[in-house]
Every structure is written in C-alpha cells, then in structure tokens.
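Here's the structure, in structure tokens; my notes come after.
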Amino acid sequence: MSAPRLDIDLAKITANATTLAERLGRRGIRVTGITKAALGSPSIAAAMQRGGVCGLGDSRIENIEAMRTASIPGPITLIRSPMPSQVHRVVTSATASLNSEAAVIDQLSAAAAARHLQHEVILMVELGDLREGVLVDDLAALVRHTLRARNVTLTGIGTNLACQSGMVPDAAKMAELSQVVETIEAQFGIELAVVSGGNSANLEWALSGADPGRVNELRLGEAILLGREPRRDRPVEGLHTDAITLVAEVIETKEKPTQPWGTIGRAPFGSPTRRIGEGTRRQALLALGHQDVDPDGLSPPATVTILGASSDHLVIEPGRVPCAIGAELTFSLNYSALLRAMTSPFVAKEYSAVRGLQAA
C-alpha cells in the first residue's frame with residue numbers, strides 16, 4: 001500500500017458515534033457528526049450516520065457538496081457562517097447554517113427565494129470565547145430580523161466555546177445559554193427546536209450528570225474520529241482512539257553524530273530542536289513532513305522519539321523498533337495532525353471495508 005497514508009477503520013468510527021449518540025441520547029442531547037477534519041469524506045459521513053447521529057456538519061461548502069454528490073442523505077449544517085459569495089451554493093446543498101450577521105441572513109433569504117427553497121438558520125451567541133457569535137444584548141434584534149426574513153426559518157440558537165480563547169464550556173456557561181434561549185422564546189412567543197451547546201470540548205460537562213438545561217445538541221467531530229476530548233486531551237471512556245492512524249515509510253537509516261556542527265541559525269519551521277547527549281545515535285528519516293501533517297500532533301510507537309521535522313522529512317530515533325529501508329511506522333494523531341493529513345494530497349486514505357461501502 002502507498003505511504004504516507006491514513007488507515008481509517010470505519011467500523012470503529014461507527015462504534016464511537018453509536019456510543020456517544022446512546023450516552024448523550026439518554027440525557028436528551030442529540031449528536032451532529034462533524035466531518036470537517038475528514039475533508040467531508042462520504043465514507044466517514046456514512047459511518048457516522050450508521051452510528052446514529054441526527055445529522056452532519058461541515059465548515060466548508062465544498063465538503064458538503066461532495067457529500068451530496070455522493071448521495072449522502074439527511075440534514076447537513078454548514079457550521080461556519082456562510083460567505084456572501086457562496087450563499088447560493090449554501091442554500092442548495094446545506095439544510096441549515098450557523099449565522100451571526102443580519103446581512104448574511106438577508107443574502108441567504110434572497111438566494112433561497114430565488115430557488116424556491118427554505119433554509120434553516122441557527123443563530124450563534126457569543127458567551128466569552130471571542131470567536132463567532134452575536135453578543136447577548138444584541139441577540140433579540142437579530143432574532144427579530146431573522147423571523148422577518150423570507151425563505152429562512154429560525155431553527156435554533158447555539159454557541160461555541162474552547163476553540164479561540166480556551167473558554168471552558170462548563171455548567172455555568174451552559175446554564176447561561178439555556179437562560180438566553182428561554183428569554184428569547186418568551187420575548188417572541190416561539191419554541192426553538194435546536195439549542196446547540198458546542199463541540200467535543202463539551203463532553204466533560206455533557207457526560208458529568210450535570211443538568212443539560214435546554215441544550216439538546218452537540219457538534220462532535222474529534223470525539224467520534226479520534227475518541228478523545230480536546231480540552232484535556234484525554235481518551236473518552238468507551239471510545240476507540242485508534243480509528244484513524246497515520247503510516248509513514250522509512251527512506252534512510254544511519255548512525256550519525258548526536259549533535260549538529262557548525263554555526264546554527266533559525267530553522268525553516270522555528271527554533272531547531274535541541275538535541276540531548278553526545279557521541280552518535282541511530283536515526284531514521286521518514287517520508288513525511290510539515291506539508292503532510294502537523295508533526296507536533298503525532299504520537300510515535302513505543303521507544304521511538306521524534307527528533308524533528310522539515311517540510312518533507314520526519315527525523316526519528318527508532319529506539320528498539322526495527323527501521324529497515326521501506327519499513328512502515330504507525331503513529332497516532334491529534335486533531336491538528338488529522339486535519340492537515342486529511343487535507344494533504346500527498347497522504348493516501350485507506351478505508352477498511354464495511355458492508356461493501358466504497359472508499360470516498
């Protein structure tokens with residue numbers, strides 16, 4: 001098989017989605033499976049759907065269009081505010097979108113009317129992470145504006161935390177979101193179907209037994225794909241953490257001095273890695289670099305040490321792992337590494353066969 005490559009076990013992705021959907025479902029919280037780190041892979045989207053997610057979400061309309069072309073059914077939400085230049089594509093392929101600007105909602109309205117479509121809108125409220133969202137004091141005006149717009153339906157209110165400023169999505173923040181929703185519903189005499197509490201960083205709260213309040217949906221990508229929650233970077237009990245792994249091939253193995261020699265300046269990707277020790281050491285080069293993956297997001301096999309990376313090479317000390325030319329090493333990934341590897345055209349994607357499903 002080709003390398004570097006991502007080995008993707010669709011059965012484990014389905015199992016992770018099933019576990020999360022069942023555990024959160026008992027608390028009245030639905031799961032939207034987020035495919036953005038998977039580059040909108042229809043195979044991964046279908047695996048999530050088999051696991052019982054209530055819908056799919058992606059941040060790029062191109063990924064949503066690819067899923068629709070592959071006949072992925074059901075609701076799909078654009079989870080980044082639509083670009084005005086893409087509103088016609090958004091209303092055609094996405095069931096709903098997350099929004100925080102009246103001007104964008106107006107353009108979605110016009111695009112949907114021109115195509116005789118109805119587009120669902122979830123308004124994002126800012127609760128302190130300082131990424132997307134309207135301030136709480138300005139939310140009522142945006143709700144009023146949305147309710148008056150043609151061919152768009154106000155479906156819900158959501159928030160996003162722990163992505164920009166690291167704001168913790170704890171019980172206090174979720175209670176604040178619930179209060180905001182109830183205030184809006186009372187003011188306008190409406191009932192919102194979706195209260196979207198956030199992403200995989202919400203799992204500690206969601207699985208803690210805390211009162212979910214009005215929160216009835218979470219947007220989960222990392223937890224389903226990697227079996228981890230990002231806030232503390234730890235495995236989620238009962239989930240597979242090896243559903244996706246990265247395989248790289250050895251292209252050089254030699255005994256070399258431990259320390260570089262000559263005048264040392266700035267390396268292309270920041271400060272050079274400080275090497276510890278003297279004498280010589282065995283090192284190996286893998287055909288994998290920054291152009292393929294985030295090297296800081298790789299976890300190597302036991303006894304293997306990552307010494308550094310350039311655009312095209314990963315330098316390792318093999319330890320007790322055999323590293324003949326052409327040998328393959330398997331790495332675990334974090335979310336950043338997965339995102340870049342899925343996007344790289346130089347990293348092959350190998351899907352395990354599940355019920356005859358064809359790889360995307």
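The first residue of the sequence shown is numbered 1, and numbering continues consecutively from there.
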*For Met124 and Thr159, which heavy atoms make the closest approach, and how far apart are they?*
CE-C, 3.5 Å
*Any side-chain heavy-atom pair from Ser196 and Thr32 closer than 4.5 angstrom?*
no
_So, taking the atom named OG1 in Thr19 and the one named CD in Glu237, what distance separates them when rounded to the nearest 0.5 Å?_
10.5 Å
*Check whether any side-chain N or O of Ser352 sits under 3.5 Å from a backbone N or O of Leu10 as a donor-acceptor pair, and report yes or no.*
yes
*What is the distance from atom OG1 of Thr245 to atom CG of Leu333, rounded to the nearest 0.5 Å?*
7.5 Å
*Note: Glu204-Arg232 ion pair, threshold 4.0 Å (strictly below)*: yes
*Student check: side-chain heavy atoms of Phe331 and Val247 closer than 4.5 Å*: no
*Any side-chain heavy-atom pair from Pro295 and Arg340 closer than 4.5 angstrom?*
yes
*Is any side-chain heavy atom of Thr95 closer than 4.5 Å to a side-chain heavy atom of His119?*
no
_Heavy-atom pair of closest approach, residues Ala243 and Ile13_ = CB-CG1, 3.8 Å
_Polar side chain donor-acceptor pair, Thr153 to Gln118, under 3.5 angstrom_ = yes
*asked:* Strictly distance-based, threshold 3.5 Å: is any side-chain N or O of Asp294 a donor or acceptor partner for the main-chain N or O of Ala337?
replied: no
*Between the side chain of Ser344 and the main-chain N/O of Phe346, is any donor-acceptor distance below 3.5 Å?*
yes
_Using salt bridge (charged side-chain N to carboxylate O under 4.0 Å, His left out), reason through Arg228 and Glu222 one step at a time and then give a plain yes or no._
CA-CA 6 Å; Arg228 307 184 70 86; Glu222 181 169 354; 5.6 Å; no
_Check whether Ser208 reaches the backbone of Ala210 with its side chain - one donor and one acceptor, N or O, closer than 3.5 Å._
yes
*In Å and rounded to the nearest 0.5 Å, what is the CD1 to NE2 distance from Ile224 to His240?*
13.0 Å
*Take Leu298 and Leu246 through the side-chain contact (heavy atoms from CB on, under 4.5 Å) test and state the conclusion after the steps.*
CA-CA 9 Å; Leu298 296 177; Leu246 179 67; 3.7 Å; yes
*State whether the side chain of Thr92 and the backbone N or O of His88 hold a donor-acceptor pair below 3.5 Å, judged by distance alone.*
yes
*Measure the spacing between CE of Met48 and OG1 of Thr18 and express it to the nearest 0.5 Å.*
11.5 Å
*Enter the distance from Ile122:CD1 to Arg219:CZ here, rounded to the nearest 0.5 Å.*
8.0 Å
*Are side-chain heavy atoms of Gln187 and Arg144 found at a separation under 4.5 Å?*
yes
_Nearest-0.5 Å distance, NZ of residue Lys173 to OG of residue Ser178_ = 13.5 Å
*Is it true that Glu126 and Arg131 have a side-chain N and a carboxylate O under 4.0 angstrom from each other?*
no
*Given Leu220, which of Leu203, Val53, Ile34 fulfils the side-chain contact (heavy atoms from CB on, under 4.5 Å) condition?*
Leu203
*State plainly whether the residues Glu255 and Arg282 are in salt-bridge range, i.e. N to O under 4.0 Å.*
no
*For Arg60, does its backbone N or O pair with a side-chain atom of Asn63 as donor and acceptor, under 3.5 Å?*
no
*Would you check, one step at a time, whether the test side chain to side chain donor-acceptor pair (under 3.5 Å) holds for Thr35 with Asp58?*
CA-CA 5 Å; Thr35 58; Asp58 204 291; 2.7 Å; yes
*May I ask you to say whether Asp242 pairs ionically with Lys12, meaning some side-chain N is under 4.0 Å from a carboxylate O?*
yes
*Backbone of Val195 reached by a side-chain donor or acceptor of Asn216 within 3.5 Å*: yes
*asked:* Before you tell me yes or no, could you show the steps for Asn99 and Ser97 under side chain to side chain donor-acceptor pair (under 3.5 Å), namely the whole-Å CA-CA distance, both residues' side-chain angles and the distance that decides it to 0.1 Å?
replied: CA-CA 6 Å; Asn99 286 269; Ser97 58; 2.8 Å; yes
*Return the minimal non-hydrogen interatomic distance between Ile61 and Ser93, and the atom names on each side.*
CD1-CB, 4.2 Å
*Check step by step if side chain to side chain donor-acceptor pair (under 3.5 Å) holds for Ser200 and Tyr335.*
CA-CA 11 Å; Ser200 294; Tyr335 192 76; over 6 Å; no
*How far apart are the closest heavy atoms of Lys349 and Ala341, and which atoms are they?*
NZ-O, 3.5 Å
_Worked verdict on Ser100 versus Leu123 for side-chain contact (heavy atoms from CB on, under 4.5 Å)_ = CA-CA 6 Å; Ser100 57; Leu123 298 180; over 6 Å; no
*Would a 4.5 Å heavy-atom cut-off, applied to side chains only, mark Leu288 and Val293 as touching?*
yes
*Between Asn199, Asn202, Asp129, which is the residue that forms a side chain to side chain donor-acceptor pair (under 3.5 Å) with Asn160?*
Asn199
*Could you tell me whether a side-chain N or O of Gln49 sits under 3.5 Å from a main-chain N or O of Pro73, the two making a donor and an acceptor?*
yes
*In the single-linkage hydrophobic clustering (I, L, V, M, F, W, Y; side-chain heavy atoms under 4.5 Å), do Val104 and Leu135 co-cluster?*
no
*asked:* Donor-acceptor pair, distance only, cut-off 3.5 Å: does the side chain of Arg115 make one with the backbone of Ala112?
replied: no
*Taking Thr14 for its side chain and Ala47 for its backbone only, find out whether a donor-acceptor pair lies under 3.5 Å.*
yes
*So, Glu65 versus Thr69: side-chain donor-acceptor pair below 3.5 Å or not?*
no
*asked:* Could you report the tightest heavy-atom contact between Ile29 and Pro212, atom names first, then the distance?
replied: CD1-CB, 4.1 Å
*Closest approach of Trp205 and Asp211, non-hydrogen atoms and distance?*
CZ2-O, 3.9 Å
*Determine, using the 4.5 Å side-chain heavy-atom cutoff (strictly less than), whether Val136 and Phe188 are members of one ILVMFWY cluster.*
yes
*Does the side chain to side chain donor-acceptor pair (under 3.5 Å) test come out yes or no for His145 and Asp106, once each step is laid out?*
CA-CA 9 Å; His145 188 95; Asp106 286 344; 2.6 Å; yes
*Taking a hydrophobic cluster as the set of Ile, Leu, Val, Met, Phe, Trp and Tyr residues connected by side-chain heavy atoms closer than 4.5 Å, whether directly or through intermediates, do Ile105 and Met83 fall within one such cluster?*
no
*If you group Ile, Leu, Val, Met, Phe, Trp and Tyr by side-chain heavy-atom gaps below 4.5 Å, do Val152 and Leu154 land in one group?*
yes
*Count the heavy atoms belonging to other residues, nucleotides or ligands that lie under 6.0 Å from CZ of Arg80, then report whether that count exceeds 12.*
yes
*asked:* Let's go through Met174 and Arg214 carefully: what are the C-alpha distance in whole Å and the side-chain angles of both, what is the deciding distance for side-chain contact (heavy atoms from CB on, under 4.5 Å) to 0.1 Å, and is it a yes or a no?
replied: CA-CA 8 Å; Met174 294 299 99; Arg214 290 298 307 278; over 6 Å; no
*Can you get from Val134 to Leu192 by hopping between Ile, Leu, Val, Met, Phe, Trp and Tyr side chains that sit under 4.5 Å apart?*
yes
*Taking C-beta and beyond as the side chain, do Arg281 and Pro257 meet within less than 4.5 Å on heavy atoms?*
no
*Under a 4.5 Å cut-off applied to non-hydrogen side-chain atoms, are Leu108 and Val90 in contact?*
yes
*For side-chain contact (heavy atoms from CB on, under 4.5 Å), just list the numbers for Leu24 and Arg30, CA-CA rounded to whole Å, side-chain angles, deciding distance to a tenth of an Å, and then say yes or no.*
CA-CA 7 Å; Leu24 292 171; Arg30 303 186 300 269; over 6 Å; no
